[in-house]
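A short worksheet on the structure shown next.
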Amino acid sequence: VDVSAVPVGSSITKMWRGKPVFIRHRTDEEIAEAKKVDGEKASLRDPQLDADRVKKEEWLVVVGVCTHLGCVPGGQKASDNRGDYDGWFCPCHGSHYDTSGRIMKGPAPRNLEVPPYAFVSDTLIRIG
Ligand code: FES
């Protein structure tokens, strides 16, 4: 996936093995929010540090499938409701994910999955 044309603060969706993969070019604020949540790691439902979920701070790559019942959460478009934690919100039963894709509130049991991927160059990501 060539991400060179994805501006800071926006996201794209690519299909991988039949599932949407969300790639977000995070703003400094979004990165700071994720680091703030790191401080609550002990109380997270699926405790993970932001650093364990990204390869480069500015890029978050997650499978866009809610870990509750498999809906695709909203939050990819600027006009979407991103939930209480500024990440993604799944309206089916109200799961809120943070800017690192971690489950913060609602019924989903796990964070949005980080798929296997690698940076082939600064702006080229290979998923899988
Ligand atoms: Fe996301 Fe139910 S599938 S809250």
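Values below: every heavy atom of this structure, side chains too, minus hydrogens, waters and symmetry copies. Quick note: residue numbers are just sequence positions, from 1. Order of appearance sets the numbers: ligands from 1, and atoms from 1 within every ligand.
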Worksheet item: If you take all heavy atoms of Ile103 and Asp46, which pair is closest and at what distance?
Response: CG2-CB, 4.3 Å
Worksheet, complete the sentence: Within 4.0 Å of some non-hydrogen atom of Cys66, the atoms of ligand 1 are 1 (Fe), 3 (S), 4 (S)
Fill in: Taking every non-hydrogen atom, the tightest pair across Gln48 and Arg102
O-NH1, 2.8 Å
Worksheet item: Could you give the distance from NZ (Lys105) to CZ (Phe89), rounded to the nearest 0.5 Å?
Response: 8.5 Å
Discussion item. So which atom in Cys92 and which in His68 form the shortest heavy-atom distance, rounded to 0.1 Å?
Written reply: SG-ND1, 4.0 Å
Worksheet item: Taking side chain as C-beta onward, heavy atoms only, is Gln76 less than 4.5 Å from Arg82?
Response: no
Item to complete: For atom 1 (Fe) of ligand 1, decide whether Cys92 has an N, O or S atom at a distance under 2.8 Å.
Response: no
Worksheet item: For atom 2 (Fe) of ligand 1, what is the closest N, O or S atom on His68?
Response: ND1
Discussion item. Quick check on contacts: which atoms of ligand 1 are under 4.0 angstrom from a heavy atom of Cys71?
Written reply: 3 (S)
Worksheet item: In terms of atom number and element, which parts of ligand 1 are under 4.0 angstrom from non-hydrogen atoms of Gly70?
Response: 3 (S)
Practice prompt. Considering the heavy atoms of Ser95, write down every atom of ligand 1 situated less than 4.0 Å from one of them.
Written response: 4 (S)
Worksheet item: How many angstroms lie between atom CG of Asp28 and atom CD of Glu58, to the nearest 0.5 angstrom?
Response: 9.0 Å
Practice prompt. Taking only heavy atoms of Leu69 into account, list the atoms of ligand 1 that are under 4.0 Å away from them.
Written response: 3 (S)
